[in-house]
Amino acid sequence: MTSTASSMDLRQGQAPHDTRPPWQQRLRRFGYAPAKGAPAGDVRDRLVPPYTQPSPRLWRSLGLPPLLAERITRWSGWGGPLLVTLVAGLMRFWNLGSPRAVIFDETYYAKDAWALVHRGFEVNWDKNANDLVLQTHGHLAIPSDAAYVVHPPVGKYVIGLGELMFGFDPFGWRFMTALLGTLSVLMLCRIGRRMFRSTFLGCLAGALMAVDGLHFVMSRTSLLDGVLMFFVLAAFGCLLLDRDRTRGRLAAALPADPDGRVRPDERVGDTLRLGWRPWRWAAGLMLGLAAGTKWNGLYVLVAFCVLAVLWDVGARKVAGARHPYRAVLKYDTGITFLATVPVAIGVYVLSWLGWILSPTDGSGGYFRNWAITDGRGGSWTFLPDWVRSLWHYEHEVYEFHLHLDSPHTYQSNPWSWLVLGRPVSYFYESPSPGADGCPADAGQKCAREVLALGTPLLWWAACCAIVYILWRWAFRRDWRAGAIACGIAAGYLPWFLYQERTIFFFYAIVFVPFLCLAVAMLIGAIIGPPGSGDTRRVVGATSAGVLVLLIAWNFIYFWPLYTGTAIPVDQWRARMWLDTWV
């Protein structure tokens, strides 16, 4: 073998001179750099990268003995996220029953949830039902006349669970959204830690979401979108766990050379079966619950399925597969499909069980008797009546959503969402001095508002972070940036198909966790990579710290608008940074 041929043989541990395709070589001028191999040619660290450890200098500067430092490091993987979650939970559950009112779309979902957990289907309430609920503390009869609703039942069942535990009042119907909002912070901390291999960056991502105004308000309001966000984030976390587990199996199956270093192996990469992969089935369950909360969960299902397949291709390619796409198609695509699409459909249909089991004599759920009345005859009569009735119901709901264009004061175009162009006011009152929390010496009326507004500095920083992760994904082939971009795109881009529809900014809550991951990744880049010089680290850490403190201050500044706290009108006006916020 010639020396030239030997230099191209990766099995000898020698990097080739430049075997990249011409397009990659040309992209070097724009900052493109392909992933580099692991140290000493060991592919295990590329398949399952180790977690970063705090520098010993940190513990020495704090005066901690090595044994204590080791214990702190070992427990910080859960201790840090739990501490962030505790703070987030205290904020979300503090005075949760205030305002003691039915705010914004709680007028639909709080009452629908109460009817669902008692009757199995939604009902028509009297026009003064909101006042009666508050006056009687929820002790009023549930109507029997079925109502036409346009969202699946899962999210309303979740809200109803809180009502069953704590009563049919504001605290009861907000309890579960507050709980899921708090747990989503914990999940994001752990997801960020797993993605970035850094406890600090994981906790930072969770802390950013803890102080995001939109996430905070949605966690304290019984709307469906906060529930949807929870299931979407849970599905992403399950897929991330599956990714690490399967890459670990590939790493364990690869042969080691006499020096103990693991090398890529074509046979393993192309033929290894990865089993039933339980976390992928769990992801299918979460995606089914997401679609059963709101239909836009279906877009997330499609995006996450594509993401999972690409992750499998990347894993097999790193393991040494010569034909990774063929191997994934043969060994992985089938299980990916079975674990997601059929499971999600099954969960969605099962969520309608209360409606399916309701009477068909006209006293059950809306359209429950359609197949035996208006839907008699046709070529599909061999199907069970409940299937035909449910399909008709879903078709009518689709037509409703497709043609929903009634103007609303707080509707907004998705182009304005990232810059907070038009937030949504859920509640507003103007109490007089000495009433409803308005200071007696205010000298004027106060403003008391609950405004679904993201923390401005966080969202505006996220605009820069999105540009960064797109660059990182396109030119550095960083899978983490691609995954974050996928989560944002799945929750955001579909709304551009419905720009003529009546849509609202708070729909953006679905991709808020991914915005926080993007900002955390950007802050990690600002701090600097491992091995950076002291000056670089000091400047980076200072800049990052200032940004995080400004975001936290911004959240505190807007706290009265997130909680419905009465403040003088002049102070309220000072917080209306954009004319479109009024």
Side-chain angles (χ1 to χ4, degrees), residues 92-93 96-117 122 125 130 133 147 149-163 166 168-185 209 212-233 289-297 300 351 397 401 404 408-412 414 417 422-428 449-454 491-492 495 501-513 561-564:
R92 279 151 180 76
F93 280 97
L96 182 61
S98 177
R100 195 177 189 284
V102 181
I103 64 175
F104 200 62
D105 281 353
E106 285 185 345
T107 187
Y108 304 115
Y109 305 129
K111 291 179 294 188
D112 286 347
W114 187 248
L116 268 176
V117 296
E122 297 87 342
W125 295 81
N130 290 347
V133 168
V149 296
V150 294
H151 291 300
V154 169
K156 288 169 281 189
Y157 275 120
V158 170
I159 294 170
L161 181 60
E163 293 174 332
F166 298 101
F168 189 25
D169 60 20
F171 181 88
W173 63 62
R174 295 170 190 161
F175 175 82
M176 286 304 297
T177 53
L179 178 62
L180 296 188
T182 302
L183 292 177
S184 67
V185 172
M209 192 163 75
D212 174 58
L214 180 61
H215 186 274
F216 179 79
V217 170
M218 294 298 289
S219 298
R220 293 168 55 88
T221 314
S222 62
L223 270 63
L224 302 181
D225 301 82
V227 180
L228 172 63
M229 176 275 303
F230 175 85
F231 289 132
V232 168
L233 184 60
L289 292 172
T293 300
K294 290 190 78 171
W295 276 8
N296 49 314
V300 179
S351 71
V397 170
H401 284 301
L404 179 61
H408 192 284
T409 303
Y410 290 104
Q411 71 183 67
S412 60
W417 289 359
R422 183 60 170 165
V424 183
S425 180
Y426 287 172
F427 171 82
Y428 186 88
E449 183 173 28
V450 175
L451 185 66
L453 170 72
Y492 185 32
W495 292 111
R501 259 200 59 189
T502 306
I503 54 180
F504 301 91
F505 163 69
F506 64 81
Y507 296 170
I509 184 63
V510 177
F511 59 87
V512 163
L561 301 187
Y562 299 143
T563 58

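The structure displayed is predicted, hence computed values, not measured ones. Along the sequence shown, the residues carry numbers beginning at 1.
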Which distance, rounded to the nearest 0.5 Å, do you find between the [atom1] of [X] and the [atom2] of [Y]?
X: Glu106; Y: Thr221; atom1: CD; atom2: OG1; answer: 5.5 Å
X: Thr182; Y: Arg92; atom1: OG1; atom2: CZ; answer: 6.0 Å
X: Ile103; Y: Leu223; atom1: CD1; atom2: CG; answer: 8.0 Å
X: Glu449; Y: Thr563; atom1: CD; atom2: OG1; answer: 11.0 Å
X: Leu224; Y: Ile159; atom1: CG; atom2: CD1; answer: 5.5 Å
X: Thr177; Y: Leu96; atom1: OG1; atom2: CG; answer: 7.0 Å

How about [X] and [Y]: do any of their side-chain heavy atoms sit closer than 4.5 Å?
X: Val102; Y: Val133; value: no
X: Asn296; Y: Trp495; value: yes
X: Thr409; Y: Arg422; value: yes
X: Thr293; Y: Phe230; value: no

Check the orientation of [X] and [Y]. Use parallel for under 30°, tilted for 30 to 60°, and perpendicular for over 60°.
X: Phe168; Y: Trp125; result: tilted
X: Phe504; Y: Phe104; result: perpendicular
X: Phe175; Y: Phe166; result: tilted

Donor-acceptor pair, distance only, cut-off 3.5 Å: does the side chain of [X] make one with the backbone of [Y]?
X: Glu163; Y: Trp114; value: yes
X: Ser412; Y: Phe505; value: yes
X: Tyr507; Y: Tyr492; value: no
X: Arg174; Y: Ser222; value: no

Could you tell me which non-hydrogen atom of [X] sits nearest to which non-hydrogen atom of [Y], and how far apart they are?
X: Pro152; Y: Gly292; answer: CB-O, 2.9 Å
X: Ile509; Y: Pro513; answer: O-CD, 3.7 Å
X: Val227; Y: Gly155; answer: CG1-CA, 4.1 Å
X: Pro414; Y: Ile503; answer: CD-CD1, 3.5 Å
X: Gly454; Y: Asp212; answer: CA-OD1, 3.6 Å
X: Ala290; Y: Leu228; answer: O-CD1, 3.4 Å

Set out, in order, the CA-CA distance, both residues' side-chain angles and the distance that settles side chain to side chain contact (heavy atoms under 4.5 Å, CB included) for Met218 and Tyr426, then state yes or no. CA-CA 10 Å; Met218 294 298 289; Tyr426 287 172; 3.0 Å; yes

Take atom OH in Tyr562; do more than 12 heavy atoms of anything else shown fall under 6.0 Å from it? yes

Could you go step by step and tell me if Phe231 and Val154 meet the side chain to side chain contact (heavy atoms under 4.5 Å, CB included) rule? CA-CA 11 Å; Phe231 289 132; Val154 169; 3.9 Å; yes

In sequence, state the C-alpha distance, the side-chain angles, and the governing distance for Tyr410 and Ser425, and then conclude on side chain to side chain contact (heavy atoms under 4.5 Å, CB included). CA-CA 7 Å; Tyr410 290 104; Ser425 180; 3.3 Å; yes

Residue pair His151, Tyr109: steps toward the side chain to side chain contact (heavy atoms under 4.5 Å, CB included) verdict: CA-CA 10 Å; His151 291 300; Tyr109 305 129; 3.3 Å; yes

State which residues pass salt bridge (Lys or Arg N to Asp or Glu O under 4.0 Å) with Lys156; sequence neighbours excluded, sorted by chain then number. Glu122

